[in-house]
Amino acid sequence: MNTVSLARGQNALDTRVVPVPGTPASNEWPELRPLQSIAKSDPYPHEALPDQLRLAVMEVQQFTKAPVALVASSALASLSLVCQGLVDVRRAEGLIGPVGLFTLVIAESGERKSSSDGYFRKPIDQYERDQHEAGKPVLREYEKAQAAWDARVTGIKDRIRKLSREGKPTDAAERELSECYEQKPVRPRVPRLAYSDVTPEALAYGLATEWPSGGILSAEAGSVLGGHAMNAESIMRNMAQFNTLWDGNPLRVDRRTSESFVANGVRLTIGLQVQPQTLLAFFEKHGALARGIGFLARFLFSWPESTQGTRFFSHAPHSWPALNRMAVRLRQLLDTPVNIDNGALTLHVLSFSDAAQDKWIAIHDAIESELAPAGELIDVRDVASKAADNVARLAALFHVLRSGPSGLIQPEDVVRAGKIVTWHLQEAKRFFRIAMPKPATRLAIELDEFLVRRCRESGKVSISGTHALQYGPGALRQRAALDEVLAQLSSHGRVRLRNVNKTLQIDVHPDLLGGNQ
């Protein structure tokens, strides 16, 4: 199986460290192999995308030369953001939910996600500008009415205070104040769809009070996976909040110092790129919690191989026929009236045709069968449990792109969606094997890192087995356990075991101490 190495588990050390004189030559050692490796990503199934979307994706990819999966994820996130305010999807009787997608592309900085997002966000950004301009007169009238209302409320309150000080009845003034509150001006809703750097609470507030359909589209995942939003005090609350919004359930946010609010009937899309190191660091701190609460299970993962080093210059095309057709279609959908009742979206519910329902059930059951103890998806049960839901969402988006927010979802859309979600399932499987290795592999990584660190600190190229037993990882303080993991390191060429005067001596591969690895 072809594999590519990941820095984690290889001790990719600072190359300024100089090996100690007398270190055995690298060619005296067996091949140095990483403790973790991952199969190459399968080609993205772009042929499964509807023709209109596929042609636009490939047109952008051929110019940007970004990974196909990255460009496709940008396109799907924009399609999700455009359509989620129009429809829900019925998976089966009693199972109705949103069509919004959460996508996560794992890629180094410079892979051109911002560029890819930009191409597909253009109609969204233009729509927002047009709506903002059209809403200016209405907002000005609202601001005048609000100022007059504030002045009236202040006057009534002043009168109540004066009457109270004078010992006079305040009943009439209080009734007037109550009537005034019922006449408070309502701020006009002007569409705001795309967010970038926003806290989870600010996002929820925007969905509740500005526009009930929105999305985070960002090449930097810090607002979702890092910073203040995911500190020890807030991480559980914020991940649960994103889960609630993905599910389409009402979200209540209680505040101590300002007005509490409820986001009801709102829809959310998330389209992120995160660097591998950032996501691995997130997993070190919060991985078990994020998986346990089901937060990451909702994402369509992509971990494409980098195209950097092969993106030689080419002039921009004179025209973008496929992308322009896609932009026109997205604008048509954006201009479709959205039904909002008291701040909540009223959505048309798309259903499957009978044949499409059969296809969806077959995909659902095929995934379920692989969740058994010996199944292919046992390591990603959490992600797989949401896969059939994502198939339904994606099939609905394909239907809306082609036919609009009415009619029945056809079998071809379900089949297309199934192929794409299955690919994303494999991507999640590839990543989680590295991010959350099995216990035996994690112990080997911990011991490997300990041995390298101690050799660097001491300036030596080996340490004794006794030292490893006494100071190494706590789970390896018994000789049998240590010997088992040392055998694994030895089989990967990372250590060499010697018996010196009846004492175990552990030599560390010189390349791990600042050589070529």
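Keep in mind it's a predicted model, so treat the numbers as computed, not measured.
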Ignoring hydrogens and geometry, is there a side-chain-to-backbone donor-acceptor pair from T64 to V60 under 3.5 Å?
yes
Answer yes if the side chains of S41 and E427 hold a donor-acceptor pair under 3.5 Å, and no otherwise.
yes
Give a yes or no answer on whether the side chain of T307 reaches the backbone of T310 with a donor-acceptor pair at less than 3.5 Å.
no
Is the closest side-chain heavy-atom distance between I340 and T346 below 4.5 Å?
no
For atom NE2 of H132, is the number of surrounding heavy atoms from other residues, nucleotides or ligands below 6.0 Å larger than 12?
no
With under 30° as parallel and over 60° as perpendicular, where do the rings of W320 and Y119 fit, or are they tilted in between?
tilted
Determine, for R54 against D51, whether the closest basic-nitrogen to carboxylate-oxygen distance falls under 4.0 angstrom.
yes
Distance-only, no hydrogens or angles: does the R430 side chain make a donor-acceptor pair with backbone N or O of Q426 under 3.5 Å?
no
Please tell me whether E201 and Q241 have a donor and an acceptor in their side chains that are separated by less than 3.5 angstrom.
no
Taking the side chain as C-beta and beyond, is there a heavy-atom pair between I270 and T103 under 4.5 Å?
no
Within the 4.5 Å heavy-atom criterion, are L70 and R112 side-chain neighbours or not?
no
With a 4.5 Å limit on heavy-atom distance, are the side chains of M236 and H286 in contact?
no
Treating E128 as the side-chain partner and A194 as the backbone partner, does any N or O pair qualify as donor plus acceptor under 3.5 Å?
yes
Is it true that a side-chain atom of R267 and a backbone atom of Q84 form a donor plus acceptor pair closer than 3.5 Å?
no
If you count the non-hydrogen atoms of other residues, nucleotides and ligands that lie under 6.0 Å from CZ in F63, is the total more than 12?
yes
Side-chain donor or acceptor of R393 paired with backbone N/O of G100 under 3.5 Å
yes
Whether R90 and D88 form a salt bridge (side-chain N of Lys/Arg under 4.0 Å from carboxylate O of Asp/Glu) is what I want to check.
no
Intermediate values then yes/no, side chain to side chain contact (heavy atoms under 4.5 Å, CB included), I420 and Y44
CA-CA 8 Å; I420 291 169; Y44 183 83; 3.7 Å; yes
Take atom NZ of K65 as the centre, draw a 6.0 Å sphere, and report whether it contains more than 12 heavy atoms from other residues, nucleotides or ligands.
yes
When the ring planes of F102 and F299 are compared, do they come out parallel, tilted or perpendicular, using 30° and 60° as the limits?
tilted
Would you say the side chain of R311 lies within less than 4.5 Å of the side chain of F313, judging by non-hydrogen atoms?
no
Could you tell me whether a side-chain N or O of R252 sits under 3.5 Å from a main-chain N or O of A263, the two making a donor and an acceptor?
no
Flag the pair L401 / L53 as yes when at least one side-chain heavy-atom distance between them is below 4.5 Å, and no otherwise.
yes
F242 and I216: side chain to side chain contact (heavy atoms under 4.5 Å, CB included), yes or no, with the steps?
CA-CA 11 Å; F242 284 124; I216 303 173; 4.2 Å; yes
Audit row: R291, V380, side chain to side chain contact (heavy atoms under 4.5 Å, CB included) steps and yes/no:
CA-CA 10 Å; R291 294 197 74 180; V380 287; 4.2 Å; yes
Can you see whether S74 engages S116 through a side-chain donor-acceptor pair at a distance of less than 3.5 angstrom?
no
With side-chain contact (heavy atoms from CB on, under 4.5 Å) as the test, pick out the partner of V400 among D413, V89, L350, V99.
L350
Test: R121 and D125 ion pair at under 4.0 Å
yes
When you measure from the side chain of S491 to the backbone of Q488, do you find a donor-acceptor pair of N or O atoms at a distance under 3.5 Å?
yes
Under 3.5 Å: donor-acceptor pair, side chain of E59, backbone of A322
yes
Residues forming a salt bridge (charged side-chain N to carboxylate O under 4.0 Å, His left out) with D42, sequence neighbours excluded:
none
Which pairs pass side chain to side chain donor-acceptor pair (under 3.5 Å) with one or both residues in residues 360-378, sequence neighbours excluded?
E376-K429
Show the numbers, then the answer: is there a side chain to side chain contact (heavy atoms under 4.5 Å, CB included) between C83 and L333?
CA-CA 7 Å; C83 297; L333 293 170; 4.0 Å; yes
Verify side-chain hydrogen bond (donor to acceptor under 3.5 Å, both in side chains) between N249 and T244, making sure each step is shown before the conclusion.
CA-CA 5 Å; N249 294 327; T244 298; 5.8 Å; no
